[in-house]
Asker: 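Handing you this structure, nothing more for now.
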Amino acid sequence: MRIRELRPADAAAAAAIEADLFVDESPWSRDVFLAELAHPYTFYVGAFVEDSDEVVLAGYAGVARLGPREDPEFEVHTIAVARQFQGRGFGRALMDQLVHAADMYDAQMFLEVRTDNEPAIALYKSYGFAEVGVRKGYYPSTGADAYTMMRHSVSEVSEGSKESEQ
């Protein structure tokens with residue numbers, strides 16, 4: 001597996017994964033990916049593998065930096081792994097990149113996840129995300145609910161552990 005920043009040339013492959021995984025939830029098109037990649041405050045990465053003598057996109061993830069530069073927060077926009085590569089650590093490798101980006105700014109992170117997506121919820125909790133709310137009918141095409149989850153910044157976690165030691 002090789003991780004690198006997504007490029008416009010990767011948009012079609014990301015959209016194909018999206019169309020397969022999120023067929024009932026308004027999957028992002030190639031053009032949506034192109035727009036996301038062009039935005040100056042987003043960071044998208046892909047996990048690539050060699051498959052039958054060609055390099056293919058196995059999964060992707062993206063995050064946006066929001067708010068003032070001196071006190072930003074990060075919002076996970078998407079993370080997905082193609083079905084044939086699921087269960088092999090690709091999601092964790094991609095999430096490592098997003099968390100690292102937020103940690104470089106000492107920023108909180110937020111995301112939404114379907115309330116029934118237990119593998120994703122477990123992954124997020126392993127990174128310190130906690131449920132902070134429920135968005136009813138968040139996914140309009142299916143009416144499914146989503147948890148809003150938040151991860152504290154590095155300094156908030158450090159401060160909390162110092163306080164608990166006293």
Side-chain angles (χ1 to χ4, degrees), residues 1 3-6 14 17-18 20-28 32-33 36-37 39-48 57-83 85-166:
M1 167 183 8
I3 304 280
R4 69 161 168 78
E5 196 165 352
L6 284 185
I17 293 169
E18 184 93 356
D20 178 51
L21 296 178
F22 305 114
V23 66
D24 294 329
E25 295 174 358
S26 303
W28 288 7
V32 171
F33 275 100
E36 284 291 307
L37 294 174
H39 196 282
Y41 300 107
T42 61
F43 173 64
Y44 280 78
V45 293
F48 295 83
L57 179 65
Y60 55 86
V63 67
R65 183 179 51 130
L66 307 169
R69 183 169 175 75
E70 61 278 358
D71 188 26
E73 61 185 45
F74 281 68
E75 179 181 86
V76 176
H77 281 187
T78 188
I79 183 167
V81 175
R83 291 183 198 280
F85 298 108
Q86 291 178 358
R88 297 197 213 163
F90 288 91
R92 182 163 296 282
L94 291 163
M95 196 67 190
D96 283 348
Q97 299 297 310
L98 303 187
V99 167
H100 178 70
D103 286 352
M104 286 176 39
Y105 285 88
D106 191 30
Q108 294 176 337
M109 292 182 79
F110 294 87
L111 59 82
E112 277 80 28
V113 60
R114 281 179 65 113
T115 56
D116 62 355
N117 190 342
E118 294 176 20
I121 293 166
L123 175 69
Y124 301 143
K125 284 183 175 181
S126 76
Y127 282 93
F129 282 87
E131 297 160 16
V132 295
V134 176
R135 293 184 179 229
K136 297 287 186 188
Y138 182 76
Y139 298 95
S141 55
T142 61
D145 298 340
Y147 289 125
T148 297
M149 299 184 79
M150 186 199 123
R151 179 180 179 267
H152 288 283
S153 67
V154 172
S155 62
E156 288 173 324
V157 172
S158 297
E159 190 151 313
S161 65
K162 287 179 189 174
E163 288 175 8
S164 67
E165 291 174 5
Q166 296 176 354

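No hydrogens, no waters, no symmetry mates; every other heavy atom, side chains included, goes into these values.
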Asker: State, yes or no, whether a side-chain contact exists between Leu6 and Leu57 at a heavy-atom distance under 4.5 Å.
Answerer: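 Yes - at least one pair of side-chain heavy atoms lies under 4.5 Å apart.
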Asker: Can you tell me if Asp106 uses its side chain to pair, donor with acceptor, with the backbone of Val154 under 3.5 Å?
Answerer: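 At least one qualifying donor-acceptor pair exists.
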Asker: Under the side-chain contact (heavy atoms from CB on, under 4.5 Å) rule, what do Glu36 and Trp28 come out as? Steps first, then yes or no, please.
Answerer: CA-CA 10 Å; Glu36 284 291 307; Trp28 288 7; 3.7 Å; yes
Asker: Taking all non-hydrogen atoms of both residues, which atom of Glu73 and which atom of Ala107 are closest, and how far apart?
Answerer: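 What the structure gives for the nearest pair is CA-CB, 4.1 Å.
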Asker: Is the count of non-hydrogen atoms from other residues, nucleotides or ligands lying under 6.0 Å from His152 atom NE2 greater than 12?
Answerer: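 Counting other residues, nucleotides and ligands, NE2 of His152 stays at 12 neighbours or fewer.
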Asker: To the closest 0.5 Å, what do you measure between CE (Met109) and CD (Glu75)?
Answerer: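 Spacing of CE (Met109) from CD (Glu75) equals 10.0 Å.
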Asker: Between Ala64 and Thr42, what is the shortest heavy-atom contact and its length?
Answerer: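 So the minimum-distance heavy-atom pair works out to CB-CG2, 4.1 Å.
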Asker: For a quick test of reading the model, state the closest non-hydrogen atom pair linking Leu94 to Ala61 and the distance between them.
Answerer: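 Leu94 and Ala61 have their closest heavy atoms at CB-CB, 3.9 Å.
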Asker: Does Gln86 use its side chain to pair, donor to acceptor, with the backbone of Val81 at less than 3.5 Å?
Answerer: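 Such a contact is found between Gln86 side chain and Val81 backbone.
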Asker: Measure the spacing between CD1 of Ile121 and CZ of Phe129 and express it to the nearest 0.5 Å.
Answerer: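 Answer for the CD1-CZ pair, Ile121 versus Phe129, is 12.5 Å.
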Asker: Please enumerate all residues that pass side chain to side chain contact (heavy atoms under 4.5 Å, CB included) together with Phe22, with sequence neighbours excluded.
Answerer: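 Testing Phe22 for side chain to side chain contact (heavy atoms under 4.5 Å, CB included), a comparison that skips the adjacent residues, returns Glu18, Glu25, Pro27, Tyr60, Ala80.
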Asker: Could you check whether any side-chain N or O of Arg83 sits under 3.5 Å from a backbone N or O of Asp20, counting only pairs where one atom can act as donor and the other as acceptor?
Answerer: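 Answer holds: yes.
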Asker: Looking only at the side chains, is there a donor atom on one of Tyr138 and Arg114 sitting less than 3.5 Å from an acceptor on the other?
Answerer: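 Not at all, the side chains of Tyr138 and Arg114 share no donor-acceptor pair under 3.5 Å.
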Asker: Is the side chain of Tyr124 donor-acceptor paired with the backbone N or O of Arg151 at a distance under 3.5 Å, no angle test?
Answerer: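 No.
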Asker: Could you measure the distance from the CE atom of Met150 to the CD atom of Glu131? Nearest 0.5 Å is fine.
Answerer: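 If I round to the nearest 0.5 Å, the distance is 13.5 Å.
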Asker: At what distance, to the nearest 0.5 angstrom, does CD1 of Ile79 lie from CG of Leu111?
Answerer: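 Separation between the atoms: 9.5 Å.
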Asker: Relative to the ring of Phe33, is the ring of Tyr44 parallel (under 30°), tilted (30 to 60°) or perpendicular (over 60°)?
Answerer: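 Because their plane-to-plane angle is over 60°, the rings of Tyr44 and Phe33 count as perpendicular.
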Asker: Ignoring hydrogens and geometry, is there a side-chain-to-backbone donor-acceptor pair from Thr78 to Gly62 under 3.5 Å?
Answerer: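 Between the backbone of Gly62 and the side chain of Thr78 there is no qualifying donor-acceptor contact (under 3.5 Å).
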Asker: Can you confirm whether the side chains of Thr115 and Asp145 place a donor and an acceptor under 3.5 Å from each other?
Answerer: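 Side-chain D/A pair, Thr115 to Asp145: absent.
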Asker: Would Arg65 pass as a cation-pi partner of Phe43, given that its NZ or CZ must be under 6.0 Å from the six-membered ring centre and within 45 degrees of the axis?
Answerer: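 Not satisfied by the 6.0 Å and 45° rule.
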Asker: How long is the span from the OH atom in Tyr105 to the CD atom in Glu70, to the nearest 0.5 Å?
Answerer: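 Going from OH on Tyr105 over to CD on Glu70, the span is 11.5 Å.
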Asker: Walk me through it: do Arg92 and Ser126 pass the test side-chain contact (heavy atoms from CB on, under 4.5 Å)?
Answerer: CA-CA 10 Å; Arg92 182 163 296 282; Ser126 76; 2.9 Å; yes
Asker: Any idea which heavy atoms bring Ser153 and Glu156 closest together, and the distance?
Answerer: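 For Ser153 versus Glu156, the nearest heavy atoms are N-OE1, 2.9 Å.
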Asker: Do Gln97 and Val63 pass the side-chain contact (heavy atoms from CB on, under 4.5 Å) test, and can you show the C-alpha distance, the side-chain angles, and the key distance before you say yes or no?
Answerer: CA-CA 10 Å; Gln97 299 297 310; Val63 67; over 6 Å; no
Asker: Give the minimum heavy-atom separation between Ser26 and Ser141, together with the two atoms involved.
Answerer: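 Closest approach of Ser26 to Ser141: N-OG, 3.9 Å.
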